[in-house]
Trainee: 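Next up is a structure, given as structure tokens.
To find a chain, count down the sequence lines: A is the first, B the second, and so on, and within it residues start at 1.
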Amino acid sequence: MTTETPLELKQTINLPKTDFAQKANLGQTEPARLERWTEINLYQLIRERRAGAEKFVLHDGPPYANADIHLGTALNKILKDLVVKSRTMLGYDAPYVPGYDCHGLPIELHVERKLGAKKAGLPAATFRRICREHAAAALKRQTRDFQRLGILGLWENPYLTMSNQYEAETARLFGCFVERGYVYKGARPVYWCIHDQTALAEAEVEYKEHTSPSVYVKFPLSNDTVDGKAFKREVLGSEDDPRQIFFLIWTTTPWTLPANLGIAVNPNFEYAAIENGAEVYIVADELVGMVADKCGLNRPQVIARFPGSRFDRLEARHAWLERPSLLMLGEHVTLGGEADAETELDVKEAREKSATGKAGTGLVHTAPGHGHDDFVIGKQYGLEIYCPVDNAGRFTSEVEHFAGERVFDANPHIVDFMRERGVLVFSENYAHRYPHCWRCKNPVIFRATPQWFISLDAHTPEAPVEVDEDGRDRTNYTEDEEDAHTSLRELALAEIERVEWLPAWGVDRMRNMLKHRPDWCVSRQRFWGVPIPVFYCASCQFAVTDPTIINHVADIFATDSSDAWYAREAKDLLPAGFACPNCKGTEFTKETDILDVWFDSGSSSVAVLEHYPELRWPADVYLEGGDQYRGWFNSSLMVGLAAHNRAPYNTVITHGWVINVQGAKMSKSEGTGVAPLEVIKQSGAEILRLWVASSNYQEDVRASDEILQRVGDAYRKIRNTARFALGNLAGFDPTRDYVPQSELLEIDAWALAELDAVVERALAAYRAYEFHTVYHTLYNFCTVTLSARYFDIIKDRLYTAAPHAHARRSAQTALYEIADALARLLAPVLVFTADEIWENLPPLVAGNGDVPVGRVPSVHLADFPVVVGERDESLRARWAQVYEVRDEVLRALEAARVSKLIGSGLEARVEIIARDPVYSLLAQYGEELRYIFIVSQVGVMKTENADAPQVRVTVARADGQKCERCWNYSVRVGEFTRYPTVCERCIEALAEIEAEGETA
RNA sequence: CGGGGCAUAGCUCAAUUGGAUCGAGCGGCUGUUUUAUAAACAGCGAGCGCCGGAUCAGCGCGUGAUACAGGUUCGAGUCCUGUUGCCCCGACCA
């Protein structure tokens, strides 16, 4: 018996103690931690630690190095980081090499705007240098922001599509396509300014009001073909009927009529044949009235009706030229009447307004060289991409009657001409929005120009392809038995079936796209990109497309960058002594087109995965937004097939778009956007990361202030849960105090069984890339299992038992396992907080052999917890029932509280009358029940009455006095002279504490 | 217009793949504790009647709900058809 004075009771309570702050202050602590990671070079440490482990390669789709990051970019990068970190902790060696897409039009446009008038006369090389600097600056800012998000990767050496090595590889890969015979030169309509004599990108045209002649023109049915005769018989009853059948078309660009090669109809529309004297016109049934009004036909008699599909491949004659015009089926044909307008915008506007009856006949004049839809359908039907208009917008000599005239000047002449010929049914002026050049403000035209294409359907070198004045070339095609006869499209369609798509509908979307996509036009009439490495013989115009030459050029790019294309003469880019294979000429000019930037980024799998030693081809995972089905997933697939006959990815994951609460698209201009950098500044990157993890990214993801508020609440709950565990581990030395499984108190064993189930669920979810399941599992575990139940119950034991007491060590053992597992499971999501938890776990000091000594310096170097399995499921089931009874008790306590019987639950004595299964369950726990229910006394009685409720709970005031130390009520308070205000339980604890001379 | 997707509580998500009356957490409201304290825990969630001045409790009745409308099925959030709304792609935004 000690003779010292009694202890201060408050000092004998083991209150939580930890450096793990309650308030996260993420805005400040995150950057500090990032700095520490940089100091120890955490990413490299992870690489070293995983060296030799099985590889897992996520290949980063390069964001465009133009603007600053927005919420969508953040979502994309955080998801990738979740994949990389979780695979790492699952034991893989999962390196992450980020990249940037550096070439392309948006940067050019940006630079042009900045330069303004100064751009004129600037050498291409200088212009490219400025573009390069702009991209470099943008990607630097992006890198800083990505790192701030807590994303670990090879930030000091990302891949850049504008690096020498990358540009060289891009050129070589173009050579691969050439070698396989997929590359050809064809024509394709682009916006063309006849004033500046240059191609324009869509972003470079402006739409303004413009008045065009609107004309209705009749194209006669060919009466001398078999099909034509049959059709005539169908309409008029006899092929000898003197009446002539005409297809009535409408257009606002009469100057494109000389290039007419076809007429498109919608296969799903009804068309009518109407009589006008000795002539019969075919127009869309719905538009008969409108057309008749306009064209001044009285009381048109409908003599027959057909679905549009009936006209497929019928032949009409050109309105005045000795040339056929082919009837074709196209879904782009609308009744709005504007589908044959020569601009995309007109078409779109018509669609949006779903305008009816403004103009049109439902039959669309088609000139494949002068319109986008025309081009697509023309290709489909094998029409020539015919464009008899030169750079200056003048008709070429082959155009009868109008050769040499500028197209806009020719318009009225053509109208007059048609009127004289009697092929014009009606004309009027038509005001609409029409594209104009953004620089010179003149109206632009659609004009087919020579372009390089990659064929989706070429099977062999001899496959028929389009030829233009430059001819085509198929050098050095190697007869590779296996795939020589397989087209890119076929290869691609077969390959995507082997790829795993998440979500699964991705394969449908991809298949659909591949089936219908046109040949890939890889030419861009621009400067900021990888030049198409092709030469033209100065004397015979022969196009040199030779993989050997291309590789020679690529070697130059590798050392001098593709700027060399602009800085050097053709002869300095060709091997010494190279002569034209066709005419032996030795003078060459360079191709001026550059490659489509999708070719750049599509090349990344080879250019990056085969370049960085830590990576490998193919990638395990691509993960991008759903817009990339047509973009990067597609171009990467093409390049993969050309290079290695295989898709460059095993799994493709897509995420949805970020939208606001109303489900509308995020828009900065409307103020509905959430700025990621703002969120980071105010709440921390963790909140953004937790938001990503909480959302089901396979659908569109919602973001708003309220949602982020909720996520912030959740963060604090998780943080406090961890803090409670850490605080109660003060003084716990795992190597000394750890209680073996078999000696744990039952509820502690239960908590660990629950933890194990959580670990199992979380790991399965991580493996399946279902991060929101991880989040909900962990969050639910924190709120319900731990905070509301386990922690609340064990508080009494942790605080009031003697520090060394077995019961306390038992709880601490569970807390230790929980905190450790939480840190690991949270690490991919809460990268900063998990590391902070990790640091605040009790130190592992001198070991006794059972527990490993020391801990890796960061949780990101650790593995996920291991699933024990073989859980005692009966334990979990039993406790589930106990908690059901507990809920009943809590309800009863609340009622007692409302009626002012009690305040704190410890002021209560609970009496339970239960029927059997429940009674015997409760009986097992006996004295424990008061701790489980957090009341001072519990009495359990059995009833045999089958009419009684299973459980009946009544509440009374607890007997005895409140113990000053543990606040439980006991009739024995006051019995103990040394500590007269304390209960029998505390007396024992105090005795132990005094004996050991220890406080918490 | 075409291709693809989505729609469950104010918010984030479940629902054993066609199984019974659709759930959890959060938020909200109302309280309790002051030993996780810038915290923790709990209860509550249409309405009507018994009910007569009001409140609480109890008991009883009973309604509704997976965007909307149909269909298949013994049975549908889940499968089919259509409609509406929103998103993505066809326009170089992830």
Side-chain angles (χ1 to χ4, degrees), chain A residues 10 13-16 18 22-23 61 63-64 66-67 69-77 79 101 103-106 201-203 266 331-334 336 339 344 347-348 350-351 354 503 505-506 508-510 512-513 516-517 524 596-598 601 623-632 654-659 661-665 691 694-696 698-700 702 704 706-707 709-711 713-714 716-717 720-721 723-725 727-728 772-773 775-776 779-780 783-784 787-788 791-792 795-796 798-800 887 890-891 893-895 897-899 902-906 934 965-967:
Chain A
K10 184 103 177 172
I13 302 284
N14 315 305
L15 290 183
T18 174
Q22 173 161 17
K23 195 179 175 201
Y64 196 69
N66 191 19
I69 69 166
H70 51 101
L71 207 52
T73 335
L75 168 72
N76 175 265
K77 275 290 197 280
L79 283 172
D101 202 2
H103 293 135
L105 185 64
E202 178 149 1
N266 191 311
E331 307 262 337
H332 65 286
V333 176
T334 65
E344 294 299 300
V347 175
K348 260 177 289 174
R351 285 166 186 169
S354 62
W505 50 256
D508 296 331
R509 187 160 176 187
M510 203 68 185
N512 214 288
M513 233 155 236
H516 297 115
R517 75 161 284 173
R524 291 299 122 101
D596 178 14
V597 285
W598 286 112
S601 55
L623 195 175
E624 305 297 336
D627 57 330
Q628 298 302 327
Y629 282 104
R630 184 164 288 270
W632 193 52
T654 47
H655 59 78
W657 228 242
V658 179
I659 57 179
V661 187
Q662 288 78 41
K665 188 180 166 176
W691 163 71
S694 75
S695 308
N696 179 359
Q698 298 201 351
E699 299 170 5
D700 285 344
R702 266 181 283 249
S704 69
E706 193 209 341
I707 289 169
Q709 175 75 39
R710 288 296 114 75
V711 173
D713 292 343
R716 261 177 278 125
K717 185 70 183 183
N720 260 313
T721 307
R723 181 162 185 267
F724 178 86
N728 284 290
H772 69 280
T773 304
Y775 166 85
H776 281 278
Y779 184 55
N780 226 48
T783 52
V784 181
S787 190
F791 286 0
D792 213 26
K795 244 188 259 185
D796 175 88
L798 287 167
Y799 293 170
T800 65
D887 286 344
L890 293 176
R891 243 187 302 277
L893 287 174
E894 184 64 17
R897 209 167 275 139
V898 166
S899 60
I902 57 165
S904 160
L906 289 174
I934 318 182
R965 184 166 177 274
C966 73
W967 297 352

Trainee: Apply the test side-chain contact (heavy atoms from CB on, under 4.5 Å) to residues A:Y799 and A:N728: give CA-CA distance (whole Å), side-chain angles for both, the deciding distance (0.1 Å), then the verdict.
Mentor: CA-CA 8 Å; A:Y799 293 170; A:N728 284 290; 3.4 Å; yes
Trainee: Applying side-chain contact (heavy atoms from CB on, under 4.5 Å) to A:I934 and A:D796, what does each step give before you reach the verdict?
Mentor: CA-CA 8 Å; A:I934 318 182; A:D796 175 88; over 6 Å; no
Trainee: Heavy atoms under 4.0 Å, any strand shown: does A:L75 hit a base, just sugar-phosphate, or nothing?
Mentor: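 If one applies the 4.0 Å heavy-atom cut-off, A:L75 turns out to touch nothing in the nucleic acid.
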Trainee: Reckon A:H772 has a side-chain N or O less than 4.0 Å from the OP1 or OP2 of B:A14?
Mentor: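 Looking at the OP1 and OP2 atoms of B:A14, one of them is under 4.0 Å from a side-chain N or O of A:H772.
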Trainee: How would you label the contact of A:Q698 with the nucleic acid (heavy atoms, under 4.0 Å): base, sugar-phosphate, or nothing?
Mentor: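 Answer is nothing: A:Q698 stays at 4.0 Å or more from every strand.
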Trainee: Can you find a donor-acceptor pair, distance only, under 3.5 Å between A:K795 side chain and B:A36 base?
Mentor: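 By the distance-only test, yes, there is a pair.
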Trainee: Using the ring of each side chain (for Trp, its six-membered ring), is A:H776 parallel, tilted or perpendicular to A:H772, with breaks at 30° and 60°?
Mentor: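 Aromatic pair A:H776/A:H772 classed perpendicular.
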Trainee: Would A:S787 and A:K717 count as a side-chain contact (heavy atoms from CB on, under 4.5 Å) here? Give the steps.
Mentor: CA-CA 9 Å; A:S787 190; A:K717 185 70 183 183; 3.1 Å; yes
Trainee: Within the structure, does a side-chain N or O atom of A:W657 lie under 4.0 Å from either OP1 or OP2 of B:C88?
Mentor: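 For A:W657, the contact criterion (side-chain N or O under 4.0 Å from OP1 or OP2 of B:C88) is met.
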Trainee: Distance between the C1' atoms of B:A67 and B:C86, in whole angstroms?
Mentor: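 Rounded to whole Å, the distance is 11 Å.
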Trainee: What nucleotide among B:C41, B:G43, B:A94 has an atom nearest to a side-chain atom of A:E894?
Mentor: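 Among the listed nucleotides, the one closest to the side chain of A:E894 is B:G43.
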Trainee: Contact class for A:N720 vs. all strands (heavy atom < 4.0 Å): base, sugar-phosphate, or nothing?
Mentor: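 Result for A:N720 = base.
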Trainee: Who is the Watson-Crick or G-U wobble partner of B:U8, with both distances under 3.5 Å?
Mentor: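 Base partner found: none.
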Trainee: Find the distance A:E699:CD to B:G5:P and express it as a whole number of Å.
Mentor: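 These atoms are roughly 12 Å apart.
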Trainee: Is A:Y629 touching bases, backbone alone, or none of the nucleic acid, heavy atoms closer than 4.0 Å?
Mentor: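 Contact class for A:Y629: none.
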Trainee: With nearest nucleotide decided by heavy atoms, which residue, A:S695 or A:R965, maps closer to the 5′ end of RNA chain B?
Mentor: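 Closest to the 5' end, via its nearest nucleotide, is A:S695.
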Trainee: Does B:C79 pair with anything, Watson-Crick or G-U wobble, both distances under 3.5 Å, and if so, with which nucleotide?
Mentor: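 Across all strands, the one nucleotide that pairs with B:C79 is B:G71.
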Trainee: Go nucleotide by nucleotide along RNA chain B from the 5' end; which of A:N728 and A:N512 gets its closest nucleotide reached first?
Mentor: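 By nearest-heavy-atom nucleotide position, the 5'-most residue is A:N512.
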Trainee: Roughly how many Å is it from CG in A:L71 to P in B:C93, rounded to a whole number?
Mentor: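 It is 17 Å, rounded to the nearest whole Å.
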Trainee: Would you mind reading off the distance between A:H516 atom NE2 and B:C1 atom P, rounded to a whole angstrom?
Mentor: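 One finds 18 Å between P of B:C1 and NE2 of A:H516, rounded.
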Trainee: Round to a whole Å and report the spacing from CD1 of A:I659 to P of B:A7.
Mentor: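 Nearest whole value for this atom pair: 11 Å.
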Trainee: Within the distance-only criterion (no hydrogens, no angle test), does the side chain of A:W967 pair as donor or acceptor with the backbone N or O of A:S904 below 3.5 angstrom?
Mentor: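 Side chain of A:W967 to backbone of A:S904: no pair is present.
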Trainee: Classify the nucleic acid contact of A:D596 as base, sugar-phosphate or nothing, counting any heavy atom under 4.0 Å across all strands shown.
Mentor: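 Answer is base: heavy atoms of A:D596 come under 4.0 Å of a base.
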Trainee: Without decimals, in angstroms, what is the distance between A:M510 CE and B:G3 P?
Mentor: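 For the pair A:M510 CE and B:G3 P, the rounded distance is 18 Å.
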Trainee: For the base of B:A24, is there a side-chain donor-acceptor partner from A:H776 under 3.5 Å away?
Mentor: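 Checked by distance alone, the answer is no.
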Trainee: Using a heavy-atom cut-off of 4.0 Å across all strands, would you classify A:A788 as base, sugar-phosphate, or nothing?
Mentor: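 Answer is sugar-phosphate: A:A788 comes under 4.0 Å of backbone atoms only.
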Trainee: Please determine whether a side-chain nitrogen or oxygen atom of A:Q22 lies at a distance below 4.0 Å from atom OP1 or OP2 of B:U37.
Mentor: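 For B:U37, OP1/OP2 do have a side-chain N/O of A:Q22 under 4.0 Å.
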Trainee: Could you check which nucleotide pairs with B:A14 in any of the strands shown, counting Watson-Crick or G-U wobble with both distances under 3.5 Å?
Mentor: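 Across any shown strand, B:A14 pairs with none.
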Trainee: At less than 4.0 Å, is any side-chain N or O atom of A:S704 found next to OP1 or OP2 of B:C11? Yes or no.
Mentor: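 So the side-chain polar atoms of A:S704 never come under 4.0 Å of the phosphate oxygens OP1 or OP2 of B:C11.
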Trainee: Have a look at A:Y64 and say if it touches a base, only the backbone sugar-phosphate, or nothing, with a 4.0 Å heavy-atom cut-off.
Mentor: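 Here A:Y64 touches the backbone only, sparing every base.
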Trainee: For side-chain contact (heavy atoms from CB on, under 4.5 Å), just list the numbers for A:F724 and A:K795, CA-CA rounded to whole Å, side-chain angles, deciding distance to a tenth of an Å, and then say yes or no.
Mentor: CA-CA 10 Å; A:F724 178 86; A:K795 244 188 259 185; 3.8 Å; yes
Trainee: What nucleic acid atoms does A:R723 come within less than 4.0 Å of, heavy atoms only: base, sugar-phosphate, or nothing?
Mentor: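 Sugar-phosphate, no base atom in range.
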Trainee: Taking any strand in view, what nucleotide pairs with B:G52 in a Watson-Crick or G-U wobble way, both distances under 3.5 Å?
Mentor: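 When the pairing criteria are applied, nothing turns out to pair with B:G52, so the answer is none.
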Trainee: Expressed as a whole number of angstroms, how long is the span from A:N780:CG to B:A15:P?
Mentor: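 In whole Å, B:A15 P and A:N780 CG are 13 Å from each other.
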Trainee: Please determine whether a side-chain nitrogen or oxygen atom of A:Y775 lies at a distance below 4.0 Å from atom OP1 or OP2 of B:G25.
Mentor: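 Looking at the OP1 and OP2 atoms of B:G25, neither is under 4.0 Å from any side-chain N or O of A:Y775.
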Trainee: Please classify the nucleic acid contact of A:G727 as base, sugar-phosphate, or nothing, using heavy-atom distances under 4.0 Å.
Mentor: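 The answer is nothing, as A:G727 stays clear of every strand by at least 4.0 Å.
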Trainee: Could one point to a donor on the side chain of A:W691 or the base of B:U12 with an acceptor on the other under 3.5 Å away?
Mentor: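 Under the 3.5 Å cut-off, the side chain and the base do not form any donor-acceptor pair.
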Trainee: For B:A7 and A:R702 - does any side-chain N or O of the residue sit under 4.0 Å from the phosphate oxygens OP1/OP2?
Mentor: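 So the side-chain polar atoms of A:R702 never come under 4.0 Å of the phosphate oxygens OP1 or OP2 of B:A7.
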Trainee: Just how far, in rounded Å, is P of B:C44 from CZ of A:R897?
Mentor: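 In whole Å, B:C44 P lies 12 Å from A:R897 CZ.
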Trainee: Give none if B:A91 has no partner; otherwise give the nucleotide forming a Watson-Crick or G-U wobble pair with it, both distances under 3.5 Å.
Mentor: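 Looking at the geometry, B:A91 pairs with no nucleotide.
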Trainee: Mind checking if A:V711 touches a base, just sugar-phosphate, or nothing, with heavy atoms under 4.0 Å?
Mentor: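 No contact.
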Trainee: Pick base, sugar-phosphate or nothing for A:G625, based on heavy-atom distances below 4.0 Å to the nucleic acid.
Mentor: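 Sugar-phosphate only.
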Trainee: Grab the CD1-P distance between A:I13 and B:U37 for me, whole Å please.
Mentor: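 Distance, rounded to whole Å: 15 Å.
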Trainee: For B:A24 versus B:U32, give the span between their C1' atoms, rounded off to a whole number of Å.
Mentor: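 Rounded to whole Å, the distance is 24 Å.
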Trainee: So, does the side chain of A:S787 form a donor-acceptor pair with the base of B:A36 at under 3.5 Å?
Mentor: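 It does, because a donor-acceptor pair links the side chain of A:S787 to the base of B:A36 below 3.5 Å.
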Trainee: Supply the atom-to-atom distance A:K10 NZ to A:R965 CZ, rounded to the nearest 0.5 angstrom.
Mentor: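 Between A:K10 NZ and A:R965 CZ, I get 12.0 Å after rounding to 0.5 Å.
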Trainee: Check this one for me: any side-chain N or O of A:K717 less than 4.0 Å away from OP1 or OP2 of B:C41?
Mentor: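 Yes.
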Trainee: Using a heavy-atom cut-off of under 4.0 Å over every strand shown, decide if A:G903 touches base, sugar-phosphate, or nothing.
Mentor: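 Sugar-phosphate: the residue A:G903, judged by heavy atoms under 4.0 Å, touches backbone atoms but no base.
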Trainee: Can you tell me how far apart CE (A:M513) and CG (A:D508) are? Round to the nearest 0.5 Å.
Mentor: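 Rounded to the nearest 0.5 Å, the CE-CG separation comes to 11.5 Å.
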Trainee: Would you tell me if any nitrogen or oxygen in the side chain of A:K10 comes within less than 4.0 Å of OP1 or OP2 on B:U35?
Mentor: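 Affirmative; the distance criterion is met.
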Trainee: Name the pairing partner of B:G31, where a pair is Watson-Crick or G-U wobble with both distances under 3.5 Å, or state none.
Mentor: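 Because both required distances fall under 3.5 Å, B:G31 counts as paired with B:C41.
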Trainee: Give me the distance, rounded to whole Å, that separates B:A20 from B:G77 when you measure between the P atoms they each carry.
Mentor: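 Per the computed distance, 9 Å lies between those P atoms.
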Trainee: Please confirm whether the backbone N or O of A:G625 pairs with a side-chain atom of A:H655, one donor and one acceptor, at under 3.5 Å?
Mentor: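 Judged by distance alone, yes, a pair lies under 3.5 Å.
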